[in-house]
Protein chains: 2
Amino acid sequence: MTVSLRELRALPGFDDTLLTEGCPTRVVLDHVTSKWGVLVLLALSDGTHRWGELRRAVDGISEKMLAQTLRTLEGDSLVLRDAHPTIPPHVEYSLTASGRELVDRMLPLVEWIARNADRMLPAAP
Amino acid sequence: MTVSLRELRALPGFDDTLLTEGCPTRVVLDHVTSKWGVLVLLALSDGTHRWGELRRAVDGISEKMLAQTLRTLEGDSLVLRDAHPTIPPHVEYSLTASGRELVDRMLPLVEWIARNADRMLPAAP
DNA sequence: CTGTATCCGATGGGATACTG
DNA sequence: CAGTATCCCATCGGATACAG
């Protein structure tokens with residue numbers, strides 16, 4: 001198990017440029033860990049959802065940010081957009097295989113935070 | 001293994017209010033997944049570091065954001081600040097036990113992104 | 001229903017200068 | 001060395017209106 005950034009950089013295929021400014025890893029990391037990126041990916045962990053469902057599922061998100069977040073994640077090959085050319089429109093969003101793999105690794109992190117968040121914030125942050 | 005947000009909310013101790021606006025989980029999640037939060041935590045995964053070391057280790061971070069990020073993470077009980085009252089000042093930062101647990105769950109996610117980021121960004125995002 | 005367009009305020013975040 | 005203080009701009013992000 002990798003337990004530090006130093007070890008990660010020492011693995012075959014990596015070097016010290018990992019996570020330097022502008023490197024692809026940091027770009028994707030920024031998208032995934034953006035304010036709404038995590039929450040949209042988590043919402044899609046349940047399976048396929050329509051636009052309106054996501055809008056309601058991700059508490060507090062605006063239409064603008066939902067659209068923007070979905071487009072970014074789609075551009076990162078993490079989310080699949082499936083539009084049915086009907087009237088009214090019907091569009092379904094789901095995780096790609098990559099998205100599924102990523103969410104599998106994100107859930108343990110979120111679960112740990114959910115279990116511990118309460119006792120981590122003494123006063124108001 | 002938990003594979004979806006729905007399942008996570010169904011676990012004992014959780015409910016549908018998990019990850020709604022303003023809930024503690026979301027507050028901590030926002031700190032941890034902030035632009036610099038992830039990178040500072042990763043830098044500390046190697047062990048104890050001084051201010052200047054962190055400044056150089058986290059490529060591109062400004063003094064202002066390093067200070068702000070460290071204070072936030074300290075407030076979340078993830079980072080320990082150990083100041084020696086000497087001249088010149090000597091301050092060491094390290095992960096708390098909680099921070100270590102969190103980083104253990106963050107590294108698999110980062111490692112997966114590092115392995116896959118290259119083939120996920122076709123053009124310029 | 002699924003978005004886009006526009007406006008605008010809030011916040012993030014960098015550069016620089018300065019201090020104990 | 002380890003920060004703080006200040007200025008300032010760019011981006012984030014919400015509200016609203018509107019379109020296909």
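Note: hydrogens, waters and symmetry copies are ignored here, and every other heavy atom, side chains too, is used. Protein chains get the first letters and strands the later ones, always in sequence-line order, with residue 1 at the start of each.
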Practice task
May I ask you to decide if His31(A)'s main-chain N or O and Ser34(A)'s side chain share a donor-acceptor pair within less than 3.5 Å?
Solution key: yes
Practice task
Before accepting this row, confirm whether a basic side-chain N of the pair Arg9(A)/Asp15(A) lies closer than 4.0 Å to the acidic partner's carboxylate O.
Solution key: no
Handout entry: Short side-chain to backbone donor-acceptor contact, Arg55(A) and Ile61(A), under 3.5 Å
Key = yes
Handout entry: Flag, side chain of Asp59(A) to backbone of Glu21(B), donor-acceptor distance under 3.5 Å
Key = yes
Completion exercise
Sorted by chain and number, sequence neighbours left out, side-chain contact (heavy atoms from CB on, under 4.5 Å) with Leu80(A) holds for Ser94(A), Thr96(A)
Fill in the blank from the handout: Sorted by chain and residue number, the side-chain contact (heavy atoms from CB on, under 4.5 Å) partners of Val103(A) (sequence neighbours excluded) come out as Leu41(A), Ser45(A), Leu95(A), Arg100(A), Met106(A), Leu107(A)
Problem - Short side-chain N/O contact from Arg50(A) to OP1 or OP2 of dG3(C), under 4.0 Å - result: no
Practice task
On DNA chain D, reading 5' to 3', which nucleotide is the first and which the last to sit with an atom under 4.0 Å from a heavy atom of chain B, could you check?
Solution key: dC1(D) to dC7(D)
Handout entry: Between Glu7(A) and Thr2(A): side-chain donor-acceptor atoms closer than 3.5 Å
Key = no
Completion exercise
Residues at least two apart in sequence or cross-chain that pass side-chain contact (heavy atoms from CB on, under 4.5 Å) with Asp46(A), listed by chain then number, are His49(A), Ser4(B), Leu5(B), Arg6(B)
Fill in the blank from the handout: Overall bend of the helix from dC1(C)-dG20(D) to dG20(C)-dC1(D) (five pairs an end, 10° steps) is 50°
Exercise for the section: Evaluate the side-chain proximity of Trp112(A) to Asp104(B): yes if any heavy-atom separation is below 4.5 Å, no if none is. Expected result: no
Every protein N/O lying under 3.5 Å from an N/O of nucleotides 13-17 of chain C:
residue: dG13(C); atom: N7; partner: Lys64(B); partner atom: NZ; Å: 2.7
residue: dG13(C); atom: O6; partner: Lys64(B); partner atom: NZ; Å: 2.9
residue: dG14(C); atom: OP2; partner: Ser62(B); partner atom: OG; Å: 3.1
residue: dG14(C); atom: O6; partner: Lys64(B); partner atom: NZ; Å: 2.7

Practice task
Evaluate the side-chain proximity of Leu70(B) to Leu54(B): yes if any heavy-atom separation is below 4.5 Å, no if none is.
Solution key: yes
